[in-house]
Amino acid sequence: DAISKAVSALEPDVVKVNKISFVVELADAYIAFDETATSSNMLIPQNEGYSDSGIYAIDKLSIIRSASTNVRIRGIAWGR
């Protein structure tokens with residue numbers, strides 16, 4: 001239908017992330033690449049950041065809060 005065609009036309013050509021930089025705000029968060037985040041994953045403290053330019057490819061970025069306060073992520077991802 002027309003709506004499906006319009007939505008698919010808006011999908012970006014970039015499908016893999018190979019460089020990322022972000023800051024976690026408001027609370028601590030657990031971050032996982034290419035899997036679902038759990039409390040066993042990398043912990044990014046509030047107002048700290050993460051940056052990596054040597055990433056092979058990321059299909060999924062999963063983020064969960066470490067406590068009851070919601071987190072905010074500000075950053076950018078570059079793809080190919």
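Residues S62 and E35 come closest through the heavy atom pair CB-O, 3.1 Å. Minimum interatomic distance between I44 and E48 (heavy atoms only, all atoms of both residues): CG2-O, 3.7 Å. Closest of all the heavy-atom pairs between I64 and A37 is CD1-O, 3.7 Å. The shortest non-hydrogen separation linking S68 to R65 is O-NH1, 3.3 Å. Among all heavy-atom pairs drawn from A27 and N70, the shortest one is CB-O, 4.1 Å.
With contacts defined as side-chain heavy-atom distances shorter than 4.5 Å, the pair S21/W78 qualifies.
Cluster membership for V23 and I63, using ILVMFWY side-chain heavy atoms within less than 4.5 angstrom, is not shared. I73 and L26 are members of different hydrophobic clusters when ILVMFWY side chains are connected at heavy-atom separations under 4.5 Å. Under the 4.5 Å side-chain heavy-atom criterion for ILVMFWY residues, no single connected hydrophobic cluster contains both L43 and V71. When the side chains of ILVMFWY residues are joined at heavy-atom separations under 4.5 Å, either directly or via intervening members, Y30 and F33 end up in two distinct hydrophobic clusters.
A distance-only check finds a donor-acceptor pair linking the side chain of D34 to the backbone of K60 [under 3.5 Å].
How far CD1 of I31 is from CZ of F22: 4.5 Å, rounded to the nearest 0.5 Å. In this structure, the separation between CD on E25 and CG on N47 is 6.5 Å, given to the nearest 0.5 Å.
With sequence neighbours excluded, the residues forming a side-chain contact (heavy atoms from CB on, under 4.5 Å) with Q46 are D28, listed by chain and number.
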